[in-house]
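Fair warning: this is a prediction, and the values are worked out from it, not measured in the lab.
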Amino acid sequence: MNPHFDQNRILWKDEYSGQYEAPVYSEQFELQWNLALKNSEYSQTPGSSTSDAYINDRIYEWTGVHPDGIDHFHDPTMGSRKLHNPIDPALIRNKRCLDLCCGHGRWTKVMQRLGAQELLSTDISASALQATSKFNENVREVDVMRIPQATPDLVGRFDFTNFWGVAMCTHDPKLAFENAASTVAPGGSLYLMVYAPCGIHGTELTNIQRRIFHSLENVEDRLAFVGKVWERKWDGRYPLKSNILNALYNLRGLDRGYKIGVLDMLAPYYNWVIALETIVDWMNKAGFAKVVHLNDDDPEPCAFHVLGCEKR
């Protein structure tokens, strides 16, 4: 049973914990990372790019200081921005760091550039690990849903754990968070990014599109549908208002972003949105003495960026 399609549950509530079954996570994320590994159309894009220019922008995003001296949105399609409450690089410099569910390793590269002393990059996707191993030899296959049971040596080991864009794509975001938090050593920090209720991932249209995507039986049809969503094509299965808005966006020539972003939105079997109050409660219960909402200046955020500091 998929809660989004069958029960119209999109907003995560902790009372759901333990109710749903895990998909085969290695297959779920392998498609997009394998495409990004082999296909330039999917590789040089947000989420996959590890070019120097893109990593510089990510350093700017986290710390508020751009290596090239830039302090403005010079390339909005690639997400050049900075957090309202930036991260202190001292949390990473000369510290033991973990990029948990690293994907193609963009944040691994950022932490390398910020001076991490020890840096482990983990994922469940073989293609993700293959891509990241090109610049970090310290990679490892890890199932975030089974860290204490399967990889107990990671528990309490790291001064800084990055857990970006993963918890909401699991069958149990609360458990995923708890396992990620278990890797943090006393005094350490955890960076969490999850989708917010008021963003695109919480909309009726996105849930309809995800239902269609998962009803398709082969990769070719699924990728063709990704292209259709990316092109904002008219579809009789959508609400009329959504079709009209898509047509207007195309007439105005608004940027479509990247196909891998559409695939990332549609492909996960679970794709929850999570309230800020829930995140703060998780952080408090995990023993973080200080919880900072990093993008609290955004009135309608697509995602919440939250830093838990000084784990007891």
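Checked against side chain to side chain donor-acceptor pair (under 3.5 Å), Gln7 has the following partners two or more places apart in sequence or in another chain: Tyr20. Partners of Lys285 by salt bridge (Lys or Arg N to Asp or Glu O under 4.0 Å), not counting sequence neighbours, listed by chain and number: Asp281. For Glu141, the salt bridge (Lys or Arg N to Asp or Glu O under 4.0 Å) criterion is met by no residue, not counting sequence neighbours. In this structure, the side-chain contact (heavy atoms from CB on, under 4.5 Å) partners of Ala150, at least two apart in sequence or on a different chain, are Arg146. With sequence neighbours excluded, the residues forming a side chain to side chain donor-acceptor pair (under 3.5 Å) with His293 are Asn295, listed by chain and number. The salt bridge (Lys or Arg N to Asp or Glu O under 4.0 Å) check on Lys95 picks up nothing, with sequence neighbours excluded. Partners of Phe158 by ring pair (Phe, Tyr, Trp, His ring centres under 6.0 Å), not counting sequence neighbours: none found. For Lys134, there are no side chain to side chain donor-acceptor pair (under 3.5 Å) partners, not counting sequence neighbours. Judged as a side-chain contact (heavy atoms from CB on, under 4.5 Å), and not counting sequence neighbours, the contacts of Arg312 are Ala289. Not counting sequence neighbours, the partners of Asn250 by the side chain to side chain donor-acceptor pair (under 3.5 Å) test are Arg232. Taking the salt bridge (Lys or Arg N to Asp or Glu O under 4.0 Å) definition, one finds that Asp159 meets it with Arg96, sequence neighbours left out.
Side-chain atoms of Asn271 come within 3.5 Å of backbone atoms of Met265 as a donor-acceptor pair (strictly under, hydrogens ignored). When atom types are taken as modelled, the side chain of Thr63 and the backbone of Ile59 share a donor-acceptor pair closer than 3.5 angstrom. Using modelled atom types, one side-chain atom of His4 and one backbone atom of Arg9 make a donor-acceptor pair closer than 3.5 Å. Listed for the Thr151 side chain is a donor-acceptor partner under 3.5 Å among the backbone atoms of Ile147. Although no hydrogens or angles enter the test, the distance criterion places a donor-acceptor pair under 3.5 Å between the side chain of Asp123 and the main chain of Gly103. One N or O on the side chain of Thr183 and one on the backbone of Ala180 form a donor-acceptor pair closer than 3.5 Å. Distance alone, capped at 3.5 Å, is enough to place a donor-acceptor pair between the Asn284 side chain and the Val280 backbone. No donor-acceptor distance shorter than 3.5 angstrom exists from the side chain of Glu61 to the backbone of Pro86, with no hydrogens or angles considered. Between the side chain of Asp68 and the main chain of Ile70, no donor-acceptor pair closer than 3.5 Å is present. Under the 3.5 Å distance criterion, the side-chain polar atoms of Thr203 are matched with a main-chain donor or acceptor of Ile200.
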Query raised in the report: Where do Arg113 and Asn56 land on the side-chain hydrogen bond (donor to acceptor under 3.5 Å, both in side chains) test, with the steps shown first?
Result: CA-CA 9 Å; Arg113 291 275 301 277; Asn56 283 347; 2.7 Å; yes
Requested in this report: Report the C-alpha distance between Lys174 and Glu15 in whole Å, list the side-chain angles of each, state the deciding distance to 0.1 Å, and finish with yes or no for side chain to side chain contact (heavy atoms under 4.5 Å, CB included).
Outcome: CA-CA 10 Å; Lys174 179 176 181 287; Glu15 65 192 61; over 6 Å; no
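Taking OG of Ser182 as the reference point, atom CG of Leu190 lies at 10.0 Å (rounded to 0.5 Å). We find the OG1-CG distance between Thr122 and Leu100 to be 4.5 Å, quoted to the nearest 0.5 Å. In this structure, Arg210 CZ and Tyr269 OH are separated by 9.5 Å, a value rounded to the nearest 0.5 Å. With values rounded to the nearest 0.5 angstrom, Ile10 atom CD1 is found 9.0 Å from Phe5 atom CZ. Atom-to-atom distance recorded for Leu294:CG and Phe304:CZ is 12.0 Å, nearest 0.5 angstrom. The structure places CG of Leu91 at 5.5 Å from SG of Cys309, a figure rounded to the nearest 0.5 Å.
With Val142 as the fixed residue, the side chain to side chain contact (heavy atoms under 4.5 Å, CB included) test singles out one of Leu98, Leu154, Ile124: Leu154.
Between the side chains of Tyr16 and His171, no donor-acceptor pair of N or O atoms lies under 3.5 Å. Defined by atom type and a distance below 3.5 Å, a donor-acceptor pair is missing between the side-chain atoms of Asp235 and Asn243.
Residue Ser189 comes nearest to Leu307 through the heavy atom pair CB-CD1, 4.3 Å, listed as atom of the first residue, atom of the second, then distance. Taking each heavy atom of Cys302 and His201 in turn, the nearest pair found is SG-CD2, 3.7 Å. What you find for Ser121 and Thr108 is that their closest heavy atoms are OG-OG1, 2.7 Å. Closest approach of Val194 and Ala167 over heavy atoms only: CG1-CB, 4.1 Å. When all heavy atoms are compared, the tightest approach of Ala128 to His104 is CA-CD2, 4.2 Å. Closest heavy-atom contact between Cys102 and Leu129: SG-CD2, 4.4 Å.
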Between side-chain atoms of residues 211-218 and protein atoms elsewhere (two or more places apart, or another chain), which donor-acceptor pairs fall under 3.5 Å?
unit_1	atom_1	unit_2	atom_2	d
His214	NE2	Leu266	O	2.9
His214	NE2	Ala267	O	3.2
His214	NE2	Pro268	O	3.3
Ser215	OG	Ile212	O	2.6
Asn218	OD1	Glu220	N	3.2
Asn218	OD1	Asp221	N	2.7
Asn218	ND2	Asp221	OD2	3.1

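Annotation: side chain of Ser49 is not in contact with side chain of Arg106 (no heavy-atom distance under 4.5 Å). Looking only at side-chain heavy atoms (C-beta outward), Gln209 and Tyr238 come within less than 4.5 Å of each other. Using a 4.5 Å heavy-atom cutoff, the side chains of Asp296 and Asn85 are in contact. Side-chain atoms of Tyr270 and Thr170, non-hydrogen and from C-beta on, never get closer than 4.5 Å to each other. With contacts defined as side-chain heavy-atom distances shorter than 4.5 Å, the pair Trp62/Val110 qualifies. At a threshold of 4.5 Å between non-hydrogen side-chain atoms, the residues Pro301 and Cys198 count as touching.
With respect to the salt-bridge test (charged N to carboxylate O, under 4.0 angstrom), the residues Lys233 and Glu231 qualify. Between Asp153 and Arg140 there is a salt bridge, with a side-chain nitrogen of the basic residue lying less than 4.0 Å from a carboxylate oxygen of the acidic one. Salt-bridge formation is detected for the pair Arg157/Glu118: a Lys NZ or Arg NE/NH1/NH2 atom is positioned less than 4.0 Å from an Asp or Glu carboxylate oxygen.
Cluster membership check: Val184 shares its hydrophobic cluster with Val291, using side-chain heavy-atom separations under 4.5 Å among Ile, Leu, Val, Met, Phe, Trp and Tyr. Leu11 and Phe177 end up in the same hydrophobic cluster when Ile, Leu, Val, Met, Phe, Trp and Tyr side chains are linked at under 4.5 Å.
Taking the six-membered ring where tryptophan is involved, the planes of Tyr191 and Trp164 are tilted, since the angle between them lies from 30° to 60°.
The cationic atom of Arg58 (NZ for Lys, CZ for Arg) lies less than 6.0 Å from the six-membered ring centre of Tyr54 and within 45° of the ring axis.
A distance of 6.0 Å or more separates the ring centres of Tyr195 and Trp272.
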